[in-house]
Every structure is written in C-alpha cells, then in structure tokens.
Amino acid sequence: MTDDAVDALAEREGWTAEEFAARVHYRGDGDRYSIEYYAPSDCVLYWKVKGDGETAVPVGRDTVPDPLRARIREDLAAAGVDPDVEGRPL
C-alpha cells in the first residue's frame, strides 16, 4: 500500500494520519484502544490505553472486542485497503 491508503483512512471518522501511518482511538466497555495502520508493512496494530491516558501497551487481536475489529476492517475496506490485513499475524 502507499501513503494514499493512509490519506484515505484519515478521511474516515476519527482517523488521523502521520506520514506513513494512520491512527484511530476508541473507547468502549470501560476500555480504551489506539489502533494503527502502517502502510509500509501493510499491517494493523492494537494498543490498549491504560487509565492514565498516556501509557499504551500492544495487545493481541484475540483480546480486542469483535465489534471493534469489524469496524476497523470496514474502515480499511472503505479506504481501499484489503481488510484481511487486520487479521494478519505480525
């Protein structure tokens, strides 16, 4: 993927772009997540944000709620990115 994918994601609600990456933040069920798509490696990373709002730790996809993962796949597809990259192992 090119930076065009990052720009397209930045047009989606809540997403922002920084050079070769796009990021979105979600809050639900008492948990907060930061999700990042990296164009050079064509991958998605999930981070769980701790209560202080400053510290985030990477988490495995199997710990992320299914509705959130589905939303990320929808956003990827709408931006022209293969939604299967969401589930690709790192």
* Tell me, please, which residues at least two apart from Y33 pass side-chain hydrogen bond (donor to acceptor under 3.5 Å, both in side chains). => none
* Within a strict 4.5 Å, meaning less than it, do heavy atoms of the L68 and I35 side chains meet? -> yes
* Considering only heavy atoms from C-beta outward, does the side chain of E36 approach that of V44 to under 4.5 Å? -> no
* Minimum-distance pair of heavy atoms, taken over all atoms of A5 and A79 -> O-CB, 4.3 Å
* With hydrophobic residues grouped by side-chain heavy-atom distances under 4.5 Å, do V85 and V24 end up in a single group? -> yes
* Straight-line distance of T63 OG1 to R69 CZ, nearest 0.5 Å -> 9.0 Å
* Asked: Does a donor on one side chain and an acceptor on the other come within less than 3.5 Å for Y37 and D42?
  -> yes
* Provide the closest heavy-atom pair for S34 versus H25 in the form atom of the first, atom of the second, distance. => OG-CE1, 3.3 Å
* R71 and D75 ion-paired at < 4.0 Å -> yes
* Would a 4.5 Å heavy-atom cut-off, applied to side chains only, mark L9 and L76 as touching? -> yes
* Identify the two heavy atoms, one from C43 and one from L90, that lie closest to each other, and give their separation to 0.1 Å. => CB-CD2, 3.7 Å
* Heavy-atom donor-acceptor pair, R61 side chain to E86 backbone, under 3.5 Å -> yes
* Structure fact -> Tightest non-hydrogen contact, residues A17 and V6, listed as CB-CG1, 3.5 Å
* **Shared hydrophobic cluster, L45 / F20 (ILVMFWY, side-chain heavy atoms < 4.5 Å)** => yes
* Is there side-chain contact between Y26 and R32, with heavy atoms separated by less than 4.5 Å? -> no
